[in-house]
Structure formats: C-alpha cells, structure tokens
There are 2 protein chains.
Amino acid sequence: MRNEINAKDVAKLAGVSQSSVSRVFFGGASVSEKTRKKVLAAAEELGYTPNEFARSLITNKTRIIGLVMKGVKNPFYPQVLKEFAEAFKRLGYSILFVQTNHDELQKEDVETLLNYHVAGVIITNATLSLKVTADFKKNKIPLILFNRKVEQPDLFSVCTNNLEASRQIAEFLIQKGCKDMVYISGQRNTSTSIEREKGFSEVLKKNQLTYRRYDSDYSYIGGYHTAKQIINEGCIPSAFFVANDIMAFGVLDALHEYSIEVPSVTKVVGFDNIDMAKWPVYHLTTWEQPISEMVDRTVEYMMAEIEEYTGRAENVEIEGKLIERSTT
Amino acid sequence: MRNEINAKDVAKLAGVSQSSVSRVFFGGASVSEKTRKKVLAAAEELGYTPNEFARSLITNKTRIIGLVMKGVKNPFYPQVLKEFAEAFKRLGYSILFVQTNHDELQKEDVETLLNYHVAGVIITNATLSLKVTADFKKNKIPLILFNRKVEQPDLFSVCTNNLEASRQIAEFLIQKGCKDMVYISGQRNTSTSIEREKGFSEVLKKNQLTYRRYDSDYSYIGGYHTAKQIINEGCIPSAFFVANDIMAFGVLDALHEYSIEVPSVTKVVGFDNIDMAKWPVYHLTTWEQPISEMVDRTVEYMMAEIEEYTGRAENVEIEGKLIERSTT
DNA sequence: CTGAAAGCGCTTACAG
DNA sequence: CTGAAAGCGCTTACAG
C-alpha cells in the first residue's frame, strides 16, 4: 500500500546516510559535490520527491499560499487568480483557494488556513476582523490585502492608486465638458469604492461642480438597475463614473435600452480594464489596474516575509492609467 | 515559537491518554461518552485542532482536492470553481488550485498533486496522458474529468449530454427554417467540441442538409475573428451554432459590426448559458449546462471513492436544456 | 474502552 | 562535510 519512495531508500542506493539525502533536498546545508551527485542520481532513478507532510511537520511551514476570494463573478478576480497561480508556481508554491461567502473572512476559513499552516495569505475582495489579523500575526503568517486596504496601516496592502485614478478621471470628464455627473459606487464599505469617490469628489469640488452618488454593488445587474433608476428619475447626467467595469457594462446596456446615445448624450467611464472592456459592444473608457505589477509587488513582499517575517505594514499603491475608448 | 496546542496538552488537561484524544478527533473509534466529553471540553478550552500534517503523514491522505483548470478566461470555469469550492467546503475539504498552461496536464503539476497527497483530483479543461492516469491510479487517488471525456472509459467523467444537446439544437434551427448553417468549433481535440459537432452533424445529415465547419479556440476573440472571416468570404449562413457562449459573443459582435441583423438575417446559438448570456446586449439563445447537478455528481463520486477506492470508470452525462432568447 | 508504544518521513542540532 | 539520533504530532495495532 505504501509504495512511496522515501529518503531512506535513496540513501541506501546512493550509499550515504538518510541525513545527507535530506540535506541535498532541503538546501541551505553544505554537502560535498560528490555526495550531492550520488544522491541526485539515486533519487532520479527511484523517482523520489520529499514527502511534503513530514517536511511541514518539522518546519511548521508549507509551500502553500492561501488565496481568499469572495466571489469570482467579476472577471477581474479570475484574472488575478490566474496571475497569482502562475507567479507562485514559478516559485514552487501552490495555491489553496478559499472562497468566502461573506464580506468578512469567516472563522472556519481562517481555521482552514491555520490548519494547513499556509506560508502566507492573500485576501482579495473580503475584509477581516482585527482578531483574525492578530491570529495570523501570532503565527507569523504574512498577510496581504490585495485591491483592498485599511485606514490604520497595520496590514500590508497592494492596490492601484485609486485616489489619483479617480482624480484624473474627474479631470478628464470635466475637460470633456461634463458638468452634472453621477458616481455609481460598489459596496459602500469597500476601500476601493470609498477612495474612488473621494478623488472624484475632490476634483469636482475644486471645480465647483456637484455630483450625485448612487450606491450599487459591483455587479452587472446592480449597475444595470441603478442606471435604470437614474434614467427613470428623468435626469440624465452628462457622465457616469462607475466604480468598476462590470457595473459600467450594466449601465451601458440600460442606456442602450432607452436609446440614450453614448458618448454624445452621456459618457461612461469604468474602472479595472478587464478584458471585456475592449470588446466592440462596450469599448469602454476605463482605468487600467496594472494587475501584473500589483501581483509582482504582492509576491515580492510575500517571499521576503516568508524568508524572514517582519510583519511590516504598508499601503502600496501602484499607478494605473486611463484607457480612452468609445464611451467618452 | 511553536505555540500550537497539541494532543498531549489536551490529554493532560482532560486527564486521559493522548491516544484517547486522538480517538475522539479521528472518529470511527469507540470512545466512552465520558472520555469524549472530557476531551472535547479540554480541547475547547485550549483551542485545539489536530495538526493536519501529522495526520496526513500517518494516513497518507489529506482533506485537499486538487482542482485543475487550464484557464479562467471563459467565465464558465470561474463559475465551476465557485461551485466546487462551496460544495467541498461543506464537506470539510479544501481546494488546491492548479493552473496548467498547456492543453495537457504537465509533469510538474502532477508532482504537486502527488506531493500533497491530495484526496482526489478534478480536471476541467485539460487533457492528460495515459501515464498520468496510471500515476494517480497507482496511488489510488480518485480522478475525475469534468466537462471533458475520453473515448475508452478508463476514467470517470462528468459532462452534460453534448450529443443530445447538439441534436436538439440542430432540430431547433431546422424547425426555424435554417438550411445552410455553420458550426464554429473550439479546439478540435476537445471532446466537447467533437461531440457538439457530431450530434449537430447527425441531425443535419438526416435532414439532407449540409453545414460548414470553422475551427476556432473557445475564446471571444477567436469567435470574433472566425465570424469576420466567414462574413468576408461573402456567404452568410442562415445560422451559426457556436461551441460555447463566449465565442458566440464574438460572433454576435462581428455580425453587429457588419450590420448583419440577428435573428432576421442569421441566427446564433451558443453553449453553456453563462451568466452573461442573458445580458441585454447579447441575450443569446444557448444550451444550459446544469453546472450544479454536474458538480453534485462529481462530488458524490469523489466522496464515495475517497471513502473506498474502486477506480470505477464511467461517462456520466447530465441532461441540459435549450434556453431560447433573442438570437434565434 | 483505554494506555503505552511503535512508527509515518522528514529536519536538525550534535559529535566527529 | 557526514552519520547517528532525537523529535515533529499524529494514528493504530497491541495488550489489558
């Protein structure tokens, strides 16, 4: 039944001790070139790979990264997942995918991550309590917020520069001659939604312009219904700044349904620049989140913390750029 | 540093042996109610959870399911991922997410799965060699193909009934008066693409109709370019049967670009019924893959095989249904 | 039903 | 640089 090859088998074939086999595979230890070669040859012949569990039992560490996502309906997140999977694979790490159904990371999810002694945790579109943060800190498990941040920087987070992005979007729309605008937010308790409104609001105020805010939920259907509501209120704004692309698609479809022409009658700007934004049906003007860079920075910090835990907190913000298409 | 509570600590507090603690938590062993209560109370007090690695080292099993996906650009797969994550979470299993960049599962991916001694493996949009199949069989790791199947049934697979689906689609289009049709396939080596053509072809032949096949790649951009090519050839068919929804969107966008009206001039039928298919811009007639049922059947078989490995092979096919919308 | 003990396959001081 | 040995935290025959 237990037909696995273990370090002892390799040692016997190579004519060295089991410790030496371990040293060759664990790395960081000094082994003579001769021993290394013998071990590697024997391992190759037998098809040996170290048992991850025995290894983890000793080191109390795994080569698993916990990736927490709240949902994958917004295509932005599958794209993020893909990039993380690729980046960590190159580094020899695997992804434990944790889907949480609530806004806040649940106790059971945390227990899973803790049970598997993940090397680190990345949380994308969910929030977490102080207690949870403390749990990870206590276990010296690096924790990163991706595309979310918290005000008091006791966590490391990686976002695009949402404030600067929304300022530039506001300036862009003003320059296009828009005066009465609408901001459609995602869930109001998300840092992204808050910051995107903040920068937008700042610039409008400076230009003595006002705007109306409508709360939505970062989903297509949410954007669609919110836009319909606005249209039915009878007061079409000169531009919609929508907190993410997928909602912006909903807005465009609602406008289309009422034959309200874009960009002549009203304009629409999204956020994310997901793949679909460039599809001909939408061809949406939007803000590009530099996913690859964001992922790189996240991975870089993660590896450094795995190497030597510091718990250093910082809000990293990466510049994106406006992608101008046909909706403005 | 090692601040974890272990079974010994619990045993001491409960006043029993470490073996008894283990028996309470592992289950299946007979423990007196009195002992069980004492142990559970002590564990609760100390916040004990068994160390998964020590457990796995002994049992050679984990509570991890390997989920292999080739890409997540097609929204069908994130949806599948979500459903699997939820289903397995309820059963106390976690998901190791393996992204493979090639059509065929790579050696390194297999090694990862084997190294972590996953309890089972689900492969979605990738193929695998006979050698890999054998590797899993040798280790008695249940392996399931999801939305793919192989001809010689040495594997367990779960699909929708693609043959029946495409037959019904053909009949539906014939009934609508379509005569010269086009089938746009995904990658030609995928079972889904082959079977969807087969059923379609069968029914057309029976009705003495012919069709043209164009090979594409299951991507939006692939569908878009293929449709453009067809349009440029100057011979617009009366209907397009497109092997998945996301390609169908590309087809619709190309038709729109050339102002070819749907469904009056030509009709389009997709496959999958992903969320976006019901969006007003597309409102695509398509075949609904019963994801939930497919996931349920997969999970059911997986759990049975984890309980007691049989290696039983079967091609399970689940009936879907035609969703009629505005493109036909 | 319960406890003492062996053992899973590793890493890592400790001597040499 | 290398080997013998302890120990990580469990499960599981084995006795009682």
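We use all heavy atoms of the structure for the numbers below, so side chains are in, but hydrogens, waters and symmetry mates are not. The chains referred to below are lettered A, B, ... by the order of the sequence lines, with proteins before strands, and numbering in each begins at 1.
- Sorted by first and then second residue, the ring-ring contact (aromatic ring centres under 6.0 Å, His included) pairs with a member in residues 13-62 of chain B read A:Phe53-B:Phe53, A:His117-B:Phe53, B:Phe25-B:Tyr48; sequence neighbours excluded.
- As judged by a 4.0 angstrom heavy-atom cut-off over every strand, B:Ser20 is placed among residues touching the sugar-phosphate backbone only.
- B:Ser32 comes within 4.0 angstrom of sugar-phosphate atoms only, judged by non-hydrogen atoms across all strands, and of no base.
- Within the 4.0 angstrom heavy-atom criterion, no nucleotide atom of any strand lies near B:Glu52.
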Anything under 3.5 Å between a protein N or O and an N or O of nucleotides 14-16 of chain C, put it in a table, one pair a line.
none

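- With a cut-off of 3.5 Å on both pairing distances, the Watson-Crick and G-U wobble pairs of DNA chain D assemble into stems of 3 or more at C:1-3 with D:14-16, C:5-12 with D:5-12, C:14-16 with D:1-3.
- Both A:Ala54 and A:Thr35 lie close to DNA chain D; mapped to their nearest nucleotides by heavy-atom distance, the more 5′-ward contact belongs to A:Thr35.
- Relative to the side chain of B:Thr59, the nucleotides D:dT12, D:dC10, D:dC8 differ in distance, and D:dT12 lies closest.
- Closest to the side chain of B:Ser22, out of D:dT11, C:dT12, D:dC10, is D:dT11.
- Here the nucleotide nearest the side chain of B:Ile58, chosen from D:dG9, C:dT11, C:dA4, is D:dG9.
- The backbone N or O of A:Glu108 sits less than 3.5 Å from a side-chain atom of A:Thr112, completing a donor-acceptor pair.
- The phosphate of D:dA5 has neither OP1 nor OP2 within less than 4.0 Å of any side-chain N or O from A:Ser19.
- Candidate nucleotides C:dC10, D:dT11, D:dT2 were compared by shortest atom distance to the side chain of A:Gln18, and C:dC10 ranks first.
- Note: CZ (A:Arg55) to P (C:dC8) measures 19 Å, nearest angstrom.
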